[in-house]
2 protein chains.
Amino acid sequence: MGTKPDISLEACTYSHVLEIISNKWTALAIYAMETGPIRYGEMMRRIEGISQKMLTQTLKQLERNGIVNRKLTPSVPPTTEYSLTPLGESLLPLMTALKLWAEDHLDSVKQARMHYDNLKP
Amino acid sequence: MGTKPDISLEACTYSHVLEIISNKWTALAIYAMETGPIRYGEMMRRIEGISQKMLTQTLKQLERNGIVNRKLTPSVPPTTEYSLTPLGESLLPLMTALKLWAEDHLDSVKQARMHYDNLKP
DNA sequence: CGGAATCCATCGGGATACTG
DNA sequence: CAGTATCCCGATGGATTCCG
């Protein structure tokens, strides 16, 4: 008998988390908020190489997913502060775990890549 | 004094892990190998909606990063089996942790999204 | 200051067809 | 069976300009 598909993107909760935290700048934005509220402009300055388009877009997604809070103070000039929600903070341990894995194994990965690239140049 | 960038993509080991495991089909491919070696054709059938182009590409990346092993048996017809390396298996606990987080919090995320989308339609 | 809007180059990824 | 090769389109992301 033929095998039926039993692994699907839609059903994979793991994939759904990844959608939230795996965009290019998402992790860095979260790091910037790790120590407390931070303003838009300071995030721009702290995250190397990000454009405001990408920062704005990243923060919007995070806000939409309930990961960050946006607090607008309509003064002149206006002030906007971003901070992690409790939901956002609950992600930090997972990110730390991934970070530890990376620190432990990234050398192995790089070695594997060199090996692979040498065989097929 | 002006703030200097202190958060960078290049320095962030977390980002480097994500590059490895956050592609659209990567997680599903790893799941397919979780219970042991599996052939190319059976992966195609088990993973819903994947094209052979994407399966091939995904497996190549994983092989390059030392996550999977490729064992080619040049018979007629040829047989190719894919399996997780020890490095690959060391990723499973992390994926499980993310999965658990998702199961616990994905409802909150969906709710946050509905809330957000209602405010800004 | 904190964005939004626009333009444009690049790239991921699907469909299809062909090969060892 | 297990891929490779092409074509093609929509999404991603950078640079720039404008607005409250």
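Sequence lines set the chain letters: A, B, ... in the order given, protein chains first and strands last, and positions in each chain run from 1. Since the structure is predicted, the reported quantities are computational estimates derived from the model, not experimental observations.
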Under 3.5 Å, which protein N or O atoms sit close to an N or O of nucleotides 2-9 of chain C? Give each pair with its distance.
unit_1, atom_1, unit_2, atom_2, d
C:dG2, OP1, A:Arg39, NE, 3.0
C:dG2, OP1, A:Arg39, NH2, 3.0
C:dG2, OP2, A:Gly41, N, 2.9
C:dG2, O3', A:Thr80, OG1, 3.3
C:dG3, OP1, A:Arg70, NH2, 2.7
C:dG3, OP2, A:Tyr82, OH, 2.7
C:dA4, OP2, A:Lys60, NZ, 3.4
C:dA4, N6, A:Gln52, NE2, 3.3

For [N], does either OP1 or OP2 sit under 4.0 Å from a side-chain N or O belonging to [X]?
| X | N | result |
| --- | --- | --- |
| B:Ser51 | C:dG14 | yes |
| B:Trp25 | C:dG14 | yes |
| A:Lys24 | D:dG14 | yes |

Starting at [atom1] of [X] and ending at [atom2] of [N], how long is that distance when rounded to a whole Å?
| X | N | atom1 | atom2 | answer |
| --- | --- | --- | --- | --- |
| B:Glu63 | D:dG3 | CD | C1' | 13 Å |
| B:Met44 | C:dG14 | CE | P | 11 Å |
| A:Asn23 | D:dG13 | CG | P | 7 Å |
| B:Leu9 | D:dT12 | CG | C1' | 15 Å |
| A:Glu19 | D:dT12 | CD | P | 11 Å |
| B:Leu55 | C:dG14 | CG | P | 11 Å |
| B:Ile50 | D:dG3 | CD1 | P | 13 Å |

Using side-chain heavy atoms (C-beta onward) and a distance below 4.5 Å, is A:Arg46 in contact with A:Glu42?
yes

Scanning both residues in full, the closest heavy-atom pair of B:Glu10 with B:His16 reads O-CE1, 3.0 Å

Could you tell me which non-hydrogen atom of B:Asn23 sits nearest to which non-hydrogen atom of B:Ile20, and how far apart they are?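 Answer, listing the atom of B:Asn23 first, then B:Ile20: ND2-O, 4.3 Å.
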
| query | Side chains of B:Thr56 and B:Tyr40: do they bring a donor and an acceptor to under 3.5 Å? | reply |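 Yes.
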
Going only through I, L, V, M, F, W and Y residues with side-chain contacts under 4.5 Å, is there a path from A:Leu91 to B:Leu100?
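No, A:Leu91 and B:Leu100 fall in different hydrophobic clusters.
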
- Query: So, is the end of the B:Lys99 side chain (NZ or CZ) under 6.0 Å from the ring centre of B:Tyr31 and within 45° of the ring's axis?
  - Reply: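 Because its charged atom sits under 6.0 Å from the ring centre and within 45° of the axis, B:Lys99 does stack over B:Tyr31.
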
